[in-house]
Protein chains: 2
Amino acid sequence: MNKSDYLAAFLRKLESITELSAPERQALLDLPVSLKRFEANVDIVSEGEITLQCCLVLEGLVCRYKLVNSGERQIMSLHIPGDVPDLHSLHIEKMDHSLGTLTPALVGFIPHEAVRRMTRSSYKVSEAFWREALIDAAIFREWMVGIGRRSAPSRLAHFLCEFVTKMEAVGLSNGVICELPMTQTEIGDALGLSTVHTNKKLRELRAARLIELRGRRLKVLDWNGLCELGEFDPTYLHLRK
Amino acid sequence: MNKSDYLAAFLRKLESITELSAPERQALLDLPVSLKRFEANVDIVSEGEITLQCCLVLEGLVCRYKLVNSGERQIMSLHIPGDVPDLHSLHIEKMDHSLGTLTPALVGFIPHEAVRRMTRSSYKVSEAFWREALIDAAIFREWMVGIGRRSAPSRLAHFLCEFVTKMEAVGLSNGVICELPMTQTEIGDALGLSTVHTNKKLRELRAARLIELRGRRLKVLDWNGLCELGEFDPTYLHLRK
DNA sequence: CGACATTTTGAGTCAGCTCAATCAGTGTGG
DNA sequence: CCACACTGATTGAGCTGACTCAAAATGTCG
């Protein structure tokens with residue numbers, strides 16, 4: 001795999017939400033990227049840091065999180081290959097949260113400098129990135145609604161629907177089966193639930209024959225049932241097609 | 001009050017987060033705005049609509065919300081004079097949530113057309129708006145942490161700290177006293193709490209001499225105590241100064 | 001003075017939490 | 001191949017923060 005294969009994941013992601021012209025695509029492929037591997041459960045960028053580069057997830061699963069004083073963690077978003085989870089650092093230098101790995105990961109770093117040069121030379125690219133930030137925000141809102149107003153089983157169902165949909169959009173799932181390399185504690189941290197409760201409700205989803213979940217592998221047995229339970233409507237993901 | 005007085009609120013808001021040059025300021029003041037009044041508790045834009053204009057809050061309090069099937073509401077953000085709560089509609093046409101008034105409000109509408117012309121002619125303005133969207137997202141994240149991982153009293157305290165801070169940034173509070181024209185039901189909807197529980201915990205904050213809250217008027221008696229209880233750290237608001 | 005919206009209170013219930021084991025899967029070294 | 005260590009999944013037994021229901025008190029405004 002060479003550099004443009006890596007950037008291809010990024011392109012694929014961008015094109016799942018926006019249309020790009022050939023020169024724009026080329027400009028993106030020409031971005032300078034330096035690669036770095038991380039093991040599982042380490043920070044890529046920590047809260048409070050000032051960054052001079054954006055990071056691009058190439059392999060693995062990455063999350064955005066914050067810790068509260070009691071020591072509990074809230075995971076605020078998940079990032080799969082193709083995502084640039086800290087594009088916002090381009091305009092907001094100081095991180096108000098951390099970015100960490102959930103699995104071993106391969107990450108590409110692109111200097112702000114280079115990204116800014118590109119967004120300033122093409123308003124199309126600039127608007128594509130802006131749009132990407134807006135979709136991120138839409139996902140935050142949807143999670144907020146879930147945490148604030150949905151029951152644990154519904155939240156769980158919604159979470160799984162969203163994950164499969166996002167994985168499918170970048171070709172990492174067929175819509176039925178995908179890798180879900182998170183522990184139940186981590187899933188709970190994303191949904192504002194305790195580990196024990198997450199376990200019990202996950203068990204119920206299996207008992208209801210909505211899903212199969214063994215080890216890191218998720219299989220959706222009843223997509224409609226899962227969507228209904230989670231009140232999942234993918235509009236907020238604003239995917240093309 | 002004439003048109004540029006209205007746009008001045010918007011400018012003030014933008015300048016609380018970004019620096020603008022004189023020509024940029026002028027271009028913003030030249031934007032075409034049409035005014036409309038709304039009574040309390042009505043939608044300005046509803047979920048599912050496709051919009052061709054951005055709305056600018058000039059007077060009153062506006063919120064972004066979503067309803068879930070059980071009929072419960074989650075308020076996802078509050079918008080005070082100077083805010084453009086649906087700037088995102090510029091790049092995401094279909095609303096995935098509603099925008100409604102909490103009080104009678106005066107709203108200005110600016111055609112997407114005009115905004116887009118301006119953002120495309122000045123990358124500074126474009127980046128200012130982008131930055132604004134990123135700050136919105138940061139606030140969503142912070143609310144998510146609160147709803148997911150903080151106790152009711154802590155959430156309440158955090159909410160009040162944030163509200164006063166935002167009001168102060170646009171000159172609508174002196175940091176101690178401000179209008180908070182929301183019912184306890186609405187505050188609960190913003191925090192993912194029931195009305196009754198909101199009432200009881202608010203009462204506790206008063207009993208602890210942290211705040212005074214009568215009618216629509218909030219007075220902070222013990223700012224440090226309130227911040228501590230709410231674990232309030234304003235970094236995520238990314239205000240200048 | 002109504003009529004209506006909002007706040008407050010009390011009582012009882014329950015979803016989700018904590019604590020404390022136990023079980024299962026995986027990897028390691030001998 | 002087995003014993004041990006470690007991580008993650010599961011279970012059971014309370015506990016409690018937050019919820020619902022219902023009613024009373026208070027405020028607001030034409």
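Residue numbers start from 1 in every chain, and the chains themselves are labelled A, B, ... in the order their sequence lines are given, proteins ahead of strands. None of these values were measured; they are calculated from a predicted model.
Look at CZ on A:Arg149: it is 13 Å from P on C:dG16, rounded to the nearest Å. For the pair B:Leu193 CG and D:dT20 P, the computed distance is 11 Å after rounding to whole Å. What separates CG of B:Leu213 from P of C:dT8 is a distance of 8 Å, to the nearest Å. In this entry the distance linking NZ of B:Lys200 with C1' of C:dT9 reads 7 Å, nearest Å. One atom, CD1 of A:Ile187, and another, C1' of D:dT10, lie 14 Å apart when rounded to the nearest Å. In this structure, A:Met182 atom CE and D:dT7 atom C1' are separated by 16 Å, rounded to whole Å. The CD-P distance, from A:Glu204 to D:dT10, rounds to 13 Å in whole Å.
At a threshold of 4.0 angstrom between heavy atoms, the contacts of A:Gly192 are confined to the sugar-phosphate backbone, with no base atom among them. Residue A:Arg150 is out of contact with every strand shown, counting any heavy-atom pair closer than 4.0 Å. B:Lys201 comes within 4.0 angstrom of nothing in the nucleic acid, heavy atoms only. In this structure, A:Leu202 reaches neither bases nor backbone, as no heavy-atom distance under 4.0 Å exists between it and the strands shown. Within 4.0 Å of A:Ser194, counting heavy atoms only, lies at least one base atom of the nucleic acid.
Each of D:dA18, C:dT6, C:dT18 was ranked by its minimum atom distance to the side chain of B:Arg155; first place goes to D:dA18. Among the nucleotides C:dT18, D:dA18, C:dC17, the one closest to the side chain of A:Val196 is C:dT18. Nearest to the side-chain atoms of B:Ala152 among the listed nucleotides D:dG12, D:dG8, D:dA18 stands D:dA18. The A:His197 side chain lies nearest to C:dG16 when the options are C:dT9, C:dG16, D:dA18. For A:Asn199, whose side chain is taken as the heavy atoms from C-beta onward, the closest listed nucleotide among C:dG16, D:dT10, C:dT6 is D:dT10. If you check C:dT8, D:dT11, D:dG8 against the side chain of A:Arg216, the one that comes closest is D:dG8. Each of D:dA18, C:dG16, D:dA9 was ranked by its minimum atom distance to the side chain of A:Gln184; first place goes to D:dA9. In the set D:dA18, D:dT20, C:dT8, D:dT20 carries the atom at the smallest distance from any side-chain atom of B:Glu72.
Using a 4.0 Å cut-off between charged nitrogen and carboxylate oxygen, B:Glu212 and B:Arg217 do not count as a salt-bridge pair. Between A:Arg150 and B:Glu72 there is no salt bridge, since no side-chain nitrogen of the basic residue lies less than 4.0 Å from a carboxylate oxygen of the acidic one.
When the options A:Asn199, A:Thr195, A:Asp189 are evaluated for a side chain to side chain donor-acceptor pair (under 3.5 Å) with A:Gln184, the one that passes is A:Asn199.
Along DNA chain C, the nucleotide nearest to A:Arg214 and the one nearest to A:Ser151 differ in position, and the one closer to the 5' end is contacted by A:Ser151.
A 4.5 Å side-chain heavy-atom check between A:Asp96 and B:Arg141 finds at least one atom pair inside the cut-off.
No close placement of the B:His88 and A:His238 rings is indicated, their centers lying 6.0 Å or farther apart. Checked against the 6.0 Å centroid criterion, the rings of B:His158 and B:Tyr236 qualify as a close aromatic pair.
In this structure, B:Arg203 does not reach the C:dT7 phosphate: none of its side-chain N or O atoms is under 4.0 Å from OP1 or OP2. The side chain of B:Arg206 contributes an N or O atom lying less than 4.0 Å from OP1 or OP2 of C:dT8.
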